[in-house]
Amino acid sequence: MSRLYGDPIEVWVRDGRPAQFVWRDRLYAIRQVQDHWVVAREWWKTSDTDPGERRFWRVEAGMGPGVGTYELRFDTASRGWLLLRAWD
């Protein structure tokens with residue numbers, strides 16, 4: 001079962017991939033990228049130079065020995081990250 005959040009998060013990137021993130025004042029280490037995809041929509045564009053892309057990452061991450069699955073989204077226009085979904 002998954003839960004939707006849409007919470008802003010801080011993400012550290014290594015080699016073009018998210019490596020860790022802070023969500024609700026907790027640091028999560030990304031252990032595995034399960035999936036990555038890009039969605040582009042014309043109506044997401046904020047300027048002529050904006051590609052209108054949202055980049056999605058499904059990752060396994062955790063604090064200590066516990067691991068969960070999370071879906072992260074990067075917005076190319078705002079340069080911001082969101083935690084969209086978490087699985088139990």
Side-chain angles (χ1 to χ4, degrees):
M1 179 178 197
S2 70
R3 294 191 176 135
L4 296 174
Y5 292 98
D7 292 346
I9 57 174
E10 187 173 352
V11 177
W12 287 265
V13 176
R14 185 180 315 125
D15 299 326
R17 301 162 62 123
Q20 56 187 9
F21 62 93
V22 174
W23 178 46
R24 297 184 175 175
D25 296 324
R26 293 187 171 124
L27 179 65
Y28 292 79
I30 295 174
R31 298 183 180 159
Q32 179 184 10
V33 173
Q34 295 178 335
D35 201 2
H36 173 248
W37 65 99
V38 178
V39 177
R41 299 283 188 261
E42 188 67 29
W43 53 272
W44 280 340
K45 290 185 175 189
T46 59
S47 69
D48 290 336
T49 59
D50 177 9
E53 290 181 353
R54 304 299 186 268
R55 298 178 186 168
F56 296 85
W57 301 83
R58 183 164 299 141
V59 300
E60 282 185 2
M63 305 173 301
V67 176
T69 302
Y70 303 90
E71 188 172 293
L72 314 179
R73 186 187 87 184
F74 178 70
D75 182 333
T76 57
S78 70
R79 312 295 297 168
W81 288 87
L82 295 176
L83 186 136
L84 292 180
R85 184 181 305 255
W87 282 264
D88 295 338

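Computed from a predicted model, the values in this text were never measured in an experiment. Throughout, numbering of the chain's residues begins at 1 and tracks the sequence.
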- Query: Should V11 and M63 be regarded as members of a common hydrophobic cluster, given that ILVMFWY residues are connected when their side-chain heavy atoms come within less than 4.5 Å of each other, either directly or indirectly?
  - Reply: yes
- Determine, step by step, whether F74 and F56 satisfy the ring pair (Phe, Tyr, Trp, His ring centres under 6.0 Å) criterion, reporting the C-alpha distance in whole Å, the side-chain angles of both residues, the deciding distance to 0.1 Å, and the verdict. CA-CA 6 Å; F74 178 70; F56 296 85; over 10 Å; no
- Task: For residues W23 and Y5, establish whether the separation of their ring centroids is below 6.0 Å.
- Result: yes
- Item | Electrostatic pair E60:R31 at N-O distance under 4.0 angstrom | no
- Does a side-chain heavy-atom distance below 4.5 Å link V59 with Q34? no
- Message: Are the side chains of Y70 and Y28 in contact, using a 4.5 Å heavy-atom criterion?
- Response: yes
- Message: If you define the side chain from C-beta out and look only at heavy atoms, does anything of L4 sit under 4.5 Å from L84?
- Response: no
- Sub-4.5 Å side-chain heavy-atom contact between L72 and I30: yes
- Message: Could you check whether atom CZ of R3 has more than 12 heavy atoms from other residues, nucleotides or ligands sitting under 6.0 Å from it?
- Response: no
- Same apolar cluster (I L V M F W Y, side chains within < 4.5 Å links), F21/W57: yes
- Message: Donor-acceptor pair, distance only, cut-off 3.5 Å: does the side chain of S2 make one with the backbone of R85?
- Response: no
- Cluster link V22 to W81, ILVMFWY, side chain under 4.5 Å: no
- So, do T69 and R58 sit near enough that their side-chain heavy atoms are less than 4.5 Å apart? yes
- Message: Strictly below 4.0 Å, N to O, side chains only: are R55 and E53 in salt-bridge contact?
- Response: yes
